[in-house]
*Asks:* 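Handing you this structure, nothing more for now.
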2 protein chains.
Amino acid sequence: MTKEEKIVGKALEMFNERGIEYVGLRELAATLGIRVGNITYYFPTKDDLVNRLAQDLSALNERTMGEENRSLFSFLNQYRHVFENHVQYRCLLLSFVHLMEQNKVISARYKETEKKRYSTIVANLSSLQAFGYLVPEADTDFLVSVVTLAARFWISEAALSFRHLSPPEQITQYITLLAKLFIPYATEKGKDDIQRFLASL
Amino acid sequence: MTKEEKIVGKALEMFNERGIEYVGLRELAATLGIRVGNITYYFPTKDDLVNRLAQDLSALNERTMGEENRSLFSFLNQYRHVFENHVQYRCLLLSFVHLMEQNKVISARYKETEKKRYSTIVANLSSLQAFGYLVPEADTDFLVSVVTLAARFWISEAALSFRHLSPPEQITQYITLLAKLFIPYATEKGKDDIQRFLASL
DNA sequence: TTGAAATTTGGACAATGTCCTAAACATACT
DNA sequence: AGTATGTTTAGGACATTGTCCAAATTTCAA
């Protein structure tokens, strides 16, 4: 394990625990038993360190969203894995708004992936319609909006209102929400998938 | 207008524009033509200043949520006003998570109002069922969860994805989302209310 | 007018992110 | 082996931040 990896790993750990803004570089360095300038050698600014974490999460998410899903069950399951990634990098999502406002690298890259993600969801929902999981008259634009909102901010709300629950319990809470959202727009086949998915949690 | 009010007003203005974290007390003081220590006389810490803003928003929201609503139309309309309040104090909502993690006064008070707000929504939805706007078998717990999530974070997402829209357009976007959410759970009478509400935007 | 209270000032303090220079180390080439 | 080159580490300087305090000033009632 290189020193750079050690820095990234411990940074993620401490950022997740106490928040990016509340962990100073000196404290991170002290925990690692190194000097501050040593961190800034690998990551000239704190933002560069955060960028690295964001890049890692992005790669992780792309890997889990990679496979085409041909059923509502696998669609929901994919989101369950995305939510697990979110927990692993929760510091980023809890500071999402600030990072976007302040960190140009992150906001630029996010603008890219946002479009891609949006069209991916649209395509997924269309194909779920085509495969007979969602009724043809379903308002997919509406569904995309709600899914996007929930996926972005579920962990923030969980941190506020469900801190007493463990991360897996929090995931169950919000992935259930997502599943229930689709019930009114699902065909009988789709409803079966949703019930099967809910039972699998 | 007292000096305290001047400080609060200009602080809200600058915080809304550039974010609470990115406006220093020295800059606020310079804009007001006063010294830093002068601000800390009225508000010993920056958190105290933010607390004041949070208190103001809270009072504003309680005033707009005050009246009982006896139709789905008025329920949605109430939320439209809440969203307008959110725009007015958007700096608080954009820093919501951090404030809750860091500011004990705000988080303590929010825990109080959260319970109250939750039971208010539940009561509202129940009475909308009783008055025949929502079908009896509607999953009100689910609806409450989505409404809560949307109300908390719509403005954060708008700041990320719809910055090119004006605040009124952003409100329309998300209040429409909220209205559409209820369609599958609304009676014919309720659906009429929703359509009437959407037409009124 | 006087005296006490309220307000304002100016600066000190520790902590933060950033930046820079010199020392230490490692590696490859002669 | 010795040297030169590039990488890594150490240590401290710098400006900025929120906070705090004592003295100076202003306000206002007795």
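In this text the structure is predicted, and so the values were computed from the model without any measurement. So you know, we letter chains A, B, ... as the sequences are listed, proteins then strands, and number each from 1.
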*Asks:* Without decimals, in angstroms, what is the distance between A/Ile39 CD1 and D/dA10 C1'?
*Replies:* 13 Å

*Asks:* Could you tell me whether the side chains of B/Asn77 and B/Ser74 share a donor-acceptor contact shorter than 3.5 Å?
*Replies:* no

*Asks:* Which heavy-atom pair separates A/Leu49 from A/Ala11 by the least distance, and what is that distance?
*Replies:*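 For A/Leu49 and A/Ala11, the tightest heavy-atom pair comes out as CD2-CB, 3.9 Å.
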
*Asks:* Would you confirm whether B/Thr2, through its side chain, and B/Glu5, through its main-chain N or O, come within 3.5 Å as a donor-acceptor pair?
*Replies:*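 It does hold such a pair.
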
*Asks:* Quick one, give me the B/S/- string for nucleotides 11-22 of chain D, reading 5' to 3', where B means a protein heavy atom under 4.0 Å from the base and S means that only happens at the primed atoms, P, OP1 or OP2.
*Replies:* B-B---BBB---

*Asks:* Among B/His86, B/Glu157, B/Arg80, exactly one meets side-chain hydrogen bond (donor to acceptor under 3.5 Å, both in side chains) together with B/Tyr174. Which residue is that?
*Replies:* B/Glu157

*Asks:* Without decimals, in angstroms, what is the distance between A/Ile7 CD1 and D/dT8 P?
*Replies:*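 Rounded to whole Å, this separation is 11 Å.
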
*Asks:* Chain B on DNA chain C: first and last contacting nucleotide, 5' to 3', under 4.0 Å to a heavy atom?
*Replies:* C/dA6 to C/dA12

*Asks:* Please tabulate, for the side chains in residues 53-60 of chain B, all donor-acceptor contacts under 3.5 angstrom to protein atoms that are two or more places apart in sequence or on a different chain.
*Replies:*
none

*Asks:* Rounding to an integer number of Å, can you tell me how far A/Tyr41 OH sits from D/dA10 P?
*Replies:*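 Value for this atom pair: 13 Å.
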
*Asks:* Going by atom types only, do B/Thr140 and B/Gln129 share a side-chain donor-acceptor pair under 3.5 Å?
*Replies:* no

*Asks:* With a 3.5 Å cut-off and no angle check, do the side chains of B/Ser71 and B/Arg196 form a donor-acceptor pair?
*Replies:*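 Side chains of B/Ser71 and B/Arg196: no pair found under 3.5 Å.
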
*Asks:* Can you give me the closest heavy-atom contact between B/Val147 and B/Tyr79, atom names plus distance?
*Replies:*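 Looking at all heavy atoms of both residues, the shortest contact is CG1-OH, 3.4 Å.
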
